[in-house]
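Here the structure comes first, spelled out in structure tokens, and everything after it is commentary.
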Amino acid sequence: MAAAGTLYTYPENWRAFKALIAAQYSGAKIKVLSTPPQFHFGQTNKTPEFLKKFPVGKVPAFEGADGFCVFESNAIAHYVSNDELRGSTKETAAQIIQWVSFADSDIVPPASTWVFPTLGIMHYNKQATEYAKEEVKRILGILDFHLKTRTFLVGERITLADISVVCALLWLYKQVLEPSFRQPYSNANRWFVTCINQPQFKAVLGEVKLCEKMAQFDAKKFAENQPKKDVPKKEKPAKEEKKQEKKEERKSEPEEELDECDQALAAEPKSKDPFAHLPKSPFIMDEFKRKYSNEDTLTVALPYFWEHFDKDGWSIWYAQYRFPEELSQTFMSCNLITGMFQRLDKLRKNAFASVILFGTNNDSIISGVWVFRGQELAFPLSPDWQVDYESYTWRKLDADSEECKTLVKEYFMWEGEFKHVGKAFNQGKIFK
Amino acid sequence: MAAAAGPGPETEELLLLEKLLGLEKGNKYGAREERKIPVLQTNNGPSLIGLATIATHLVRQAKKEQLLGSTAEEKAVVHQWLEYRVTQIAGHSNKEDITIILKDLNLYLEDKVYLARNNFTLADILMYYGLHHIIAELTVQEKEKYLNVSRWFNHIQHYPGIRQHLSSIIFMKNRLYTTAH
């Protein structure tokens, strides 16, 4: 018997489309709750009742008429499907999962990178976009080759594989795959157009208009969207909260964009200030850096630092390289440090560090003292910053402790006993 | 020259179509002239002549009008291919005619899944029945040469109920002759 139940989502969510199209084929009866008062995205899915059913608090989420609950769009689509869509043999079922996974892992990330800036919901990054375009070409090439001898992705009928991959490609075909770009992929195009024109797809997607001219980054729209995102917030992972605030401020804004934006922010490198959510701090890092660069460390810079340091707005960390046994030539170790500094370039405004190489060739260690904006390690905030930090152990220092005072003094001055190290100072690098 | 006894190939097709559409048996068919054009004697009207005409009638009788196309354009395209089917794919096409037909179709089907673009229609059904004996004779290399026709044919022959006693034709999904077009 076909499934029946309620689907919670926000409006026009392409992930929810997968389940809705599958239901068109299977005859599953799905009631969609996507708008207030029944479902208020960002609020309803944060309530204890909702979280009890769906601990992740994400949508789409499906609640069966019999009380069965399931989240994650692919799982929901699978549940509301019929055997033909799921694949009736072990082999076809496996192939279907293969394409469903391919859509999530290979199509969605570059599609988001390329499309979201054109919708004005993510900042444009030329390098990232160009890379995404190449990825999209690769994906279309793979699909095109596969579909040269095939009508649908798996077997001779539409399956969940087609539904998932079409939905993942939907924004690309609507926004950026202009005729000249998609022209080499005639087999993929034929398949895509056939799918979206099936009555079951049309019932959910409506008339899909293929891109005529590649959309470009919409700076104006992006600027319009910006201020809303800079609303001060206390906690960084509060993405739903952000949405709520946004919604309250600008009720007319189409919600779809908001949500796409969140997905983008979750999936892609962001160029907006990741510290924007923190309250203003009286400690002026630039001023300290000026003192540190131009004046005596012991008599001017250090006293300035301790006089003005704001331990609520900033934190001090001790970091030690985890794999000292891999450090061979000292120049290579120094490159390791400077390389990390380069990758952290965008963090400069909000950090300061002194990192020191101790010891000699094949017998050295690296450790340093870092000062960051905020109380958490800044690295997870941006993908650019995540390359190196896991190679270090990080320990937050109590700014009032003697240990902290000593470490700051010794590392900032590159002088002292460095008692905890047990090797001689070799050379230091300053991140500023 | 007198026509040989027995129903012609087009009458056979209509019997396949009847079964596919789930119609009760009982229609009486005759055949005219040397080419054995099928004739259907209806109970309450004039007799119907010709493959396309009778097939269209059967579809209506089965109340499966969507097989004739939904939009005006789609209906026209279905008609176009029924006409092509009747005029171009006669029972005794020679090798040269067949080559032209396959070339035409291969080009047309490059960007389409069905003859009427996005939907399965009577055009696909009759074209499948009409081409079956031709496709069955093709070599692996020829099937690969007319890749779009092969893909279309393979898809159609998997349609539930269409194939019946006709042989299932094997197509390779991985190409062997990659140097050929």
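We name chains A, B, ... by the order of the sequence lines, and we start the count at 1 in each one.
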Interatomic spacing from OG1 in A/T194 to NZ in B/K112 - rounded to 0.5 Å
10.0 Å
If you round to the nearest 0.5 Å, how far is NZ of A/K148 from NZ of B/K173?
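The NZ atom of A/K148 is 15.0 Å from NZ of B/K173, to the nearest 0.5 Å.
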Spell out the residues in residues 75-105 of chain A that have some non-hydrogen atom less than 4.5 Å away from a non-hydrogen atom of chain B, in order of number; otherwise answer 'none'.
none
Are there residues of residues 149-168 of chain A whose heavy atoms fall under 4.5 Å of chain B's heavy atoms? If so, which?
A/T149, A/R150, A/T151, A/F152, A/E156, A/R157
With a 4.5 angstrom heavy-atom cut-off, could you sort out which part of A/L147 is near chain B: side chain, backbone, both or neither?
backbone
Under 4.5 Å to a heavy atom of chain B? For A/N189 that would be neither
Salt bridge (Lys or Arg N to Asp or Glu O under 4.0 Å) involving B/E12 - partner list, sequence neighbours excluded:
none
Pairs where residues 49-73 of chain B contributes a residue and the test side-chain hydrogen bond (donor to acceptor under 3.5 Å, both in side chains) is met, not counting sequence neighbours:
B/S70-B/E74
If we only count heavy atoms from C-beta on, is the A/R190 to B/R117 side-chain gap below 4.5 Å?
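Not in contact.
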Crowded around [X] [atom1]? As in, over 12 foreign heavy atoms under 6.0 Å?
{"X": "A/F145", "atom1": "CZ", "value": "no"}
{"X": "B/E137", "atom1": "CD", "value": "no"}
{"X": "B/Q164", "atom1": "CD", "value": "yes"}

Examine whether an atom of B/F171 lies under 4.5 Å from a heavy atom of chain A, and if so say whether it belongs to the side chain, the backbone or both; otherwise answer neither.
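Interface part for B/F171: neither.
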Only one of B/N118, B/V113, B/D111 forms a side-chain contact (heavy atoms from CB on, under 4.5 Å) with A/V193, so which one is it?
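Testing each of B/N118, B/V113, B/D111 against A/V193, the sole residue satisfying side-chain contact (heavy atoms from CB on, under 4.5 Å) is B/N118.
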